[in-house]
Amino acid sequence: MFELLGIAPQMLFGQLLLGLINGAFYAMMSLGLAVIFGLLNVINFTHGAQYMMGAFVAWMLLNWLGVPYWGALILAPVIVAGTGILLEKLFLKRLYHLDHLYGLLLTFGLALMIEGFFRKQFGSSGLPYANPLPGGMRLDFMFLPNYRAWVVVASLVICFGTWFMIERTKLGSYLRAATERPDLVQAFGINVPRMITLTYGFGVGLAALAGVLAAPAYNVSPVMGSNLIIIVFAVVVIGGMGSIMGAIVTGFALGIIEGLTKVFYPEASNTVIFIIMAIVLMVKPAGLFGTQK
């Protein structure tokens, strides 16, 4: 089969693995965006900066305090989520009943401010982060690095665990009800403003967790979020704004498609996701998993 395609199996499966890794980050990032938009109705352009902050907090914990990667997996998302809660309390809660454009402009400005601060403090060349799982497994058709395998497995668990919590638990039903009828949910004694704040913090924490996972795979850089956020927004649009399952499935699928494109038609690898987005918007404007309102 590979001879007919004229492609070495090591190259094909290597690009598939890279596509799956990219898809893992696309899925986790778009999942956080879908949670925030679906439950809070805010287009969070700060998401890329918060992903970058997760990677930098992990780097600072390791290099300044000696906290290893496994501790940073817990601490960094909590710290960045705390900053997100502060932003929600100070700014975003004033915009929930306004047009989406106001939230987009505000979060875009905050993203520029955050990125500019980190660029001034750390430069833009990038900082290395030690691989916590060196080595790998040599299979018949490719070499599988341990850390990349861990990223794929961890992202799958996190993504589908989040989907289960929101779609299949009582807490998730409260969250969904609070977005539709906050007055009714408040009547049951539930603090809706606190729930909304914690939901935003959870979405930000997902972005930061993706940043921690990305730190050993890529250089920790102030521009790592801005390089990714446009693609992630395309993923969310294709999957359907606010669709949890759409964000997960579309993120992984587009990562794999992007990887295969690099094998068969490299010139289109940087644009294939946007071409798919244009086609989906023409056929189904609400997205593959979205519903027309």
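Quick caveat, the model's predicted, so the values are computed rather than measured.
N227 is linked by a side chain to side chain contact (heavy atoms under 4.5 Å, CB included) to V223, counting only residues two or more places apart in sequence or in another chain. In this structure, the side chain to side chain contact (heavy atoms under 4.5 Å, CB included) partners of L105, at least two apart in sequence or on a different chain, are L101. Take Y26 and apply the side-chain hydrogen bond (donor to acceptor under 3.5 Å, both in side chains) test, not counting sequence neighbours, and it matches E258.
What you find for Q186 and P193 is that their closest heavy atoms are OE1-CD, 3.8 Å. Across all non-hydrogen atoms, the minimal contact from V235 to L254 is CG2-CD1, 3.8 Å. Nearest heavy atoms, L17 versus P145: CD2-CD, 3.9 Å. In terms of heavy-atom proximity, P128 sits nearest to N219 at CA-OD1, 4.0 Å. Taking every heavy atom of both residues into account, S155 and A24 meet most closely at OG-CB, 3.2 Å. The heavy-atom pair separating A214 from M224 by the smallest distance is CB-CE, 4.2 Å.
For Y218, the OH atom counts as densely surrounded, since its 6.0 Å shell holds more than 12 non-hydrogen atoms of other residues, nucleotides or ligands. No more than 12 heavy atoms of other residues, nucleotides or ligands sit less than 6.0 Å from atom OH of Y102. Taking a 6.0 Å sphere around CE of M113, one finds it holds 12 or fewer heavy atoms contributed by other residues, nucleotides or ligands.
Criterion: ILVMFWY side-chain heavy atoms under 4.5 Å apart, direct or through other members. Under it, I74 and M60 are not part of a common hydrophobic cluster. Both L65 and L62 are members of a single hydrophobic cluster when ILVMFWY side chains are connected at heavy-atom separations under 4.5 Å. Cluster annotation: F274 is connected to M241 through the hydrophobic network of ILVMFWY side chains, with a link wherever side-chain heavy atoms come within less than 4.5 Å. The cluster map of Ile, Leu, Val, Met, Phe, Trp and Tyr, joined by side-chain heavy atoms under 4.5 Å apart, puts L73 and V157 in different clusters. Y147 and M28 fall within the same hydrophobic cluster, defined by Ile, Leu, Val, Met, Phe, Trp and Tyr side-chain heavy atoms under 4.5 Å apart, directly or through other members.
One finds the CH2 atom of W70 at 4.5 Å from the CG atom of L133 (value rounded to the nearest 0.5 Å). How far CZ of F252 is from CG of L156: 4.0 Å, rounded to the nearest 0.5 Å. One finds the CG atom of L104 at 5.5 Å from the CD1 atom of I43 (value rounded to the nearest 0.5 Å). Distance CZ/F233 to CD1/I273: 14.5 Å, rounded to 0.5 Å. If you take CD1 on I158 and CG on L213, they are separated by 5.5 Å, rounding to the nearest 0.5 Å. Considering CZ of R119 and CG of L112, their distance stands at 10.0 Å, rounded to 0.5 Å.
Side chain of K284 to main chain of L288: a donor-acceptor pair is present (N/O by atom type, distance under 3.5 Å, no hydrogens or angles). Looking at T107, its side chain does come within 3.5 Å of a backbone N or O of F45 through a donor-acceptor pair. Within the 3.5 Å criterion, the main-chain N or O of K170 finds a donor-acceptor partner in the side chain of S173. The backbone N or O of L90 sits less than 3.5 Å from a side-chain atom of R94, completing a donor-acceptor pair. No donor-acceptor pair under 3.5 Å is formed between the side chain of S30 and the backbone N or O of V232. Of the possible donor and acceptor atoms, one in the side chain of T169 sits under 3.5 Å from a partner among the backbone N and O of G172.
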**Asked** Could you walk me through whether Y69 and V212 pass the side chain to side chain contact (heavy atoms under 4.5 Å, CB included) check?
**Response** CA-CA 8 Å; Y69 170 85; V212 179; 4.1 Å; yes

**Worked check of side chain to side chain contact (heavy atoms under 4.5 Å, CB included) between Q15 and L18** = CA-CA 5 Å; Q15 286 298 330; L18 289 175; 4.0 Å; yes

**Request:** Take V249 and F289, measure what side chain to side chain contact (heavy atoms under 4.5 Å, CB included) needs, and give me the verdict at the end.
**Result:** CA-CA 9 Å; V249 174; F289 293 81; 4.0 Å; yes

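Side-chain atoms of P132 and P216, non-hydrogen and from C-beta on, do get closer than 4.5 Å to each other. In this structure, L87 and Q50 have side chains that are in contact, with non-hydrogen atoms separated by less than 4.5 Å. Using a 4.5 Å heavy-atom cutoff, the side chains of N22 and I231 are not in contact. With a 4.5 Å cut-off on side-chain heavy atoms, L16 and L20 do not count as touching. Inter-residue side-chain proximity for K93 and I196 is flagged as unmet; no heavy-atom pair is nearer than 4.5 Å. With contacts defined as side-chain heavy-atom distances shorter than 4.5 Å, the pair I229/H47 qualifies. Looking at F118 and M52, their side chains come closer than 4.5 Å, going by heavy atoms from C-beta outward. Looking at T199 and I36, their side chains never come closer than 4.5 Å, going by heavy atoms from C-beta outward.
Between F56 and F122, the two ring planes are tilted [angle within 30° to 60°].
Y200 and N44 are linked by a side-chain donor-acceptor pair at a separation below 3.5 angstrom, with hydrogens and angles left out of the test.
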